[in-house]
Amino acid sequence: SESIGNVTNAACFYTNGLFTNGSHIVDLLLFMFGKPKYLTARKVDRTCPPGDFNADVLFGFDAANASMQALELSNMNIFDIHFFGENGVAKLTQFSRRLEITPKRHCTLFSGYHEPDYDFKEVSFSSVSSMFSTIDHAVKCFSGERILCTGRDAIDGLGIIKEIEVKDRK
């Protein structure tokens, strides 16, 4: 996030259930920002596997805010995350295979403001799913080459998902 500066907001979009796909977004948000200070959630009626559910969620972290929206799978299969930083925008799209970084520029319509410079963007694309790097990382952890996380992260993520499920009932 050096090129976009400190992330202040994230807008996340997913399909096919909070446990199935949305949990990966929750894990990433926890990794980047820590546990949320608050969250609000509302279940939405979208296609998902039996036993799963979809929810639109707002998170408040110490350093950032994030939204997470479930889209209808029959309309579009999507897993996109847009990070808004002090110096630009980073979009993680195509199931984490495409990263687009857009710096900010002086606003073309209003003096004294900034906007993303969509005329200039840096794009990285991998034909390989990001899961391969996750698997490689796990193998290194198991072999003792790298220990960056414990199982605590996964348990925290599951706790957040359960909190989302309970909050909607209130």
Side-chain angles (χ1 to χ4, degrees), residues 1-44 46 52-71 78-107 110 112-118 121-124 130-131 133-134 137-138 140-141 146-170:
S1 68
E2 267 183 36
S3 60
I4 67 166
N6 291 325
V7 175
T8 58
N9 294 82
C12 312
F13 307 93
Y14 73 100
T15 55
N16 205 30
L18 190 58
F19 285 110
T20 304
N21 286 340
S23 59
H24 302 297
I25 292 172
V26 171
D27 287 340
L28 180 61
L29 294 174
L30 289 175
F31 176 77
M32 290 184 67
F33 305 119
K35 287 188 179 180
K37 299 298 176 196
Y38 69 87
L39 66 86
T40 59
R42 183 180 65 85
K43 284 187 182 174
V44 291
R46 306 282 189 268
D52 206 340
F53 69 99
N54 289 291
D56 292 343
V57 186
L58 296 174
F59 297 93
F61 299 96
D62 278 337
N65 293 316
S67 65
M68 194 168 130
Q69 291 181 294
L71 303 178
I78 194 166
F79 186 90
D80 286 6
I81 305 171
H82 301 193
F83 296 105
F84 298 87
E86 296 166 330
N87 300 318
V89 179
K91 294 180 183 177
L92 190 59
T93 62
Q94 295 181 336
F95 293 89
S96 304
R97 296 184 312 150
R98 178 185 170 100
L99 175 64
E100 181 180 303
I101 297 176
T102 306
K104 72 178 182 182
R105 68 178 177 199
H106 292 286
C107 188
F110 304 102
Y113 297 98
H114 292 92
E115 66 185 3
D117 184 357
Y118 291 114
K121 58 187 168 190
E122 179 183 325
V123 177
S124 306
S130 64
M131 290 306 293
S133 61
T134 303
H137 176 78
K140 288 179 179 175
C141 287
R146 179 180 291 165
I147 301 175
L148 293 179
C149 63
T150 66
R152 185 81 237 157
D153 296 337
I155 293 169
D156 289 346
L158 183 58
I160 295 295
I161 292 169
K162 294 307 279 182
E163 185 177 342
I164 290 167
E165 189 174 31
V166 168
K167 281 219 181 261
D168 184 66
R169 293 183 191 150
K170 292 181 178 176

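One is the number of the first residue; the rest follow in order along the sequence.
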note = For I164 and A55, the nearest pair of non-hydrogen atoms, with its separation, is CG2-CB, 3.8 Å
inquiry  = For G34 versus F61, what's the shortest heavy-atom pair and its separation?
reply    = O-CE2, 3.1 Å
request  = Indicate the atoms forming the closest heavy-atom contact of F53 with I161, along with that distance.
outcome  = CZ-O, 4.2 Å
inquiry  = Using 0.5 Å steps for rounding, measure from the CD1 atom of I81 to the CG atom of L28.
reply    = 5.0 Å
inquiry  = List the residues meeting side-chain contact (heavy atoms from CB on, under 4.5 Å) with A90, not counting sequence neighbours, and say none if there are none.
reply    = I4, F83, L99, I101
task = Evaluate salt bridge (charged side-chain N to carboxylate O under 4.0 Å, His left out) for D80 paired with K91, printing each intermediate quantity in order.
result = CA-CA 7 Å; D80 286 6; K91 294 180 183 177; over 6 Å; no
task = Measure from the side-chain N and O atoms of N87 to the backbone N and O of P103, and report whether any donor-acceptor pair falls under 3.5 Å.
result = no
ask   = Is the closest side-chain heavy-atom distance between N65 and L58 below 4.5 Å?
value = no
ask   = Relative to the ring of F79, is the ring of F95 parallel (under 30°), tilted (30 to 60°) or perpendicular (over 60°)?
value = parallel
ask   = With no hydrogens and no angle check, is any side-chain donor or acceptor of D56 less than 3.5 Å from a backbone partner on R42?
value = no
ask   = Just how far is it from atom OG1 of T102 to atom CZ of F84, taken to the nearest 0.5 Å?
value = 10.0 Å
key: Where G22 and M68 come nearest, the two heavy atoms and their spacing   = O-CE, 3.6 Å
ask   = In chain order, what residues pass the side-chain contact (heavy atoms from CB on, under 4.5 Å) check against H106, with sequence neighbours excluded?
value = H114
task = Please lay out, stage by stage, how E100 and T93 fare under the test side chain to side chain contact (heavy atoms under 4.5 Å, CB included).
result = CA-CA 8 Å; E100 181 180 303; T93 62; over 6 Å; no
remark   = To the nearest 0.5 Å, atom OH of Y113 lies from atom NZ of K104 at 13.5 Å
message = Tell me the closest heavy-atom pair linking E86 and T8, and the distance in Å.
response = CG-CG2, 4.3 Å
request  = Rounded to the nearest 0.5 Å, what's the gap from OH on Y14 to CD1 on I78? Could you check?
outcome  = 13.0 Å
query = With L18, which of D52, N54, I25 fulfils side chain to side chain contact (heavy atoms under 4.5 Å, CB included)?
reply = D52
remark   = In this structure, CG of L71 is separated from CZ of R46 (nearest 0.5 Å) by 7.0 Å
key: Note, S23 side chain near I160 side chain (heavy atom, < 4.5 Å)   = no
